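All heavy atoms count here, side chains included; hydrogens, waters and symmetry mates do not. Note that the structure is a prediction, hence the values are computed from the model and not measured.
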Amino acid sequence: MTARTRTFRMLAAGTAVMLAAAACSSGGREKTEDTGTAGGNAAGSSGYTIAFITHETPGDTFWDKVKNGANQAAKDTGVTLKYSNDPEAPKQAVLIQNAVDSKVNGIATTLVTPDALAGSVKAATDAGIPVVGFNSGINEYQKLGALMYFGSDETLAGTTAGKRLADQGAKHPLCVIQQTGSVALEARCAGVKSSVPGTENIQVNGADDAAVTTTLQTKLTQDKSIDAIVTLGAPQALDAIKAKEQANSQAKLVTFDLNEQAAQEIKNGNIVFSIDQQPYVQGYMAVTSLYLNLKNGNDIGGGKAVLTGPSFVDSTNIDKIIPFTKNNTR
């Protein structure tokens, strides 16, 4: 064997060893530009499990957008997401406690009924599990011990909606509350009333569309002075359209939140405007913020809530928004 041949074989063997070592260390994952312990390929698995808990009422399309945002964030960060929901406050508290008992790494939860959830949230923080609030509880999240919050300022949203109605001449709006005890919904109506003192609240069962339509139709038939209807969810806006037709009411209709059908009704002129809190963003940021906190100690918001709304959708921008509603992200 010549010296040249021996040299070639030694180089080839060395190359094979390096390739084998690289294959073992990467585990088959795509190579990343990891320059430190905070890097890595998030599309694999971060090793973190996050409980995502809401007060979703079954059938409410609003929560599909929230979940879409949360699921996308989990995919982007490599988090294992455990979703659960219950519209009854005591049962939602149990879900939070179950997450604590299962030793998840973080909890993202709505705080729609703060007093009922305070004990279970405290159990989480006492266990060293970071909690992030979203969607409901903007004024209470810090008292409960949540680190961050993502959602709309509902009082501001209601006040702004009421001002727009007042500018259009409304004197007697009917504000439709579809869930008893929700601080967010009550804040919306209070905000509307602060701008239009003649605002009247009405309670409906948001889990029963037919009942919502009947209740509103009866009210509109009895009181012809109602000149505006403010629904606090897109499904109730669609119920209100039917109720207006049955009662032959000329009241203006505005709503909070969007779905594909409500967006089309804005396009058709049956809904004047929507006050959108961008639920996809709420779900996405709640999960992402916990991931960043666990991985890098980050705290988003500078000690204040991060606002995702109000964002108004009306005839001036509906053509841009409709495609996103079809994707169930807006």
Side-chain angles (χ1 to χ4, degrees), residues 18-56 62-86 92 95-111 120-121 123-135 141 145-151 277-302 305-308 324 327-330:
M18 287 189 290
L19 287 172
C24 291
S25 63
S26 68
R29 295 172 65 185
E30 179 182 346
K31 182 180 178 182
T32 61
E33 295 181 9
D34 184 359
T35 57
T37 57
N41 189 342
S45 174
S46 67
Y48 300 131
T49 296
I50 291 176
F52 194 84
I53 303 165
T54 78
H55 60 281
E56 173 188 353
F62 173 87
W63 296 102
D64 294 339
K65 301 175 193 44
V66 176
K67 287 183 283 189
N68 284 346
N71 286 330
Q72 186 61 53
K75 180 179 178 181
D76 291 346
T77 58
V79 161
T80 297
L81 195 67
K82 293 186 175 181
Y83 181 85
S84 60
N85 65 286
D86 201 296
Q92 185 182 358
L95 294 177
I96 296 172
Q97 185 62 56
N98 290 344
V100 174
D101 295 340
S102 66
K103 296 181 171 55
V104 297
N105 300 105
I107 297 173
T109 184
T110 58
L111 301 168
S120 56
V121 172
T125 56
D126 286 349
I129 300 172
V131 177
V132 165
F134 67 95
N135 180 260
Y141 79 97
L147 297 177
M148 294 168 271
Y149 182 88
F150 302 91
Q277 59 178 304
Q278 302 184 104
Y280 180 92
V281 178
Q282 294 175 10
Y284 190 92
M285 290 305 301
V287 173
T288 301
S289 66
L290 278 171
Y291 167 78
L292 290 172
N293 181 266
L294 291 164
K295 190 172 184 63
N296 203 45
N298 295 118
D299 183 0
I300 300 172
V306 178
L307 298 185
T308 64
F324 301 124
N327 294 334
N328 218 6
T329 58
R330 187 71 190 268

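To the nearest 0.5 Å, the span separating NZ on Lys65 from CG on Asn327 amounts to 11.0 Å. The distance from atom CE of Met285 to atom CZ of Phe150, rounded to the nearest 0.5 Å, is 4.5 Å. Atom CG of residue Leu81 and atom NZ of residue Lys75 lie 14.0 Å apart, to the nearest 0.5 angstrom. Remark: Leu290 CG to Ile300 CD1 distance equals 9.5 Å, nearest 0.5 Å. Note that CG of Asn298 and OG1 of Thr288 are 11.5 Å apart. Values are rounded to the nearest 0.5 Å. In this structure, CG on Asn135 lies 8.0 Å from OG1 on Thr308, to the nearest 0.5 angstrom.
Contact detail for Ala99 and Ala51: the closest heavy-atom pair is CB-CB, 3.6 Å. When all heavy atoms are compared, the tightest approach of Val287 to Ile50 is O-CD1, 3.9 Å. Among all heavy-atom pairs drawn from Val131 and Ala124, the shortest one is CG2-CB, 3.7 Å. The shortest non-hydrogen separation linking Pro279 to Val66 is CB-CG2, 3.5 Å. Here the shortest heavy-atom pairing between Thr125 and Gly145 reads CG2-O, 3.6 Å. Taking each heavy atom of Ala123 and Gln97 in turn, the nearest pair found is CB-OE1, 3.4 Å.
No side-chain donor-acceptor contact under 3.5 Å links Gln72 and Asn68. Using modelled atom types and a 3.5 Å distance limit, the side chains of Thr110 and Gln92 yield a donor-acceptor pair. Side-chain atoms of Tyr83 and Asn71 include no donor-acceptor pair closer than 3.5 Å.
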Candidate pair Val306 and Met148, rule side-chain contact (heavy atoms from CB on, under 4.5 Å), full reasoning: CA-CA 8 Å; Val306 178; Met148 294 168 271; over 6 Å; no
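In this structure the side chain of Pro130 reaches within 4.5 angstrom of the side chain of Leu294, judged on heavy atoms. Counting heavy atoms from C-beta on, the side chains of Tyr284 and Gln278 never come closer than 4.5 Å. The shortest distance between side-chain heavy atoms of Trp63 and Thr54 falls below 4.5 Å. At least one side-chain heavy atom of Val121 sits under 4.5 Å from a side-chain heavy atom of Leu111. Looking at Ile107 and Val100, their side chains come closer than 4.5 Å, going by heavy atoms from C-beta outward.
Using the six-membered ring where Trp is involved, Phe134 and Phe52 have ring planes that are parallel, under 30° apart on the 30 and 60° scheme.
The backbone N or O of Thr77 lies less than 3.5 Å from no partner atom in the side chain of Tyr48, so there is not a single donor-acceptor pair. With hydrogens and angles disregarded, no donor-acceptor distance shorter than 3.5 Å links the side chain of Tyr280 to the backbone of Lys67.
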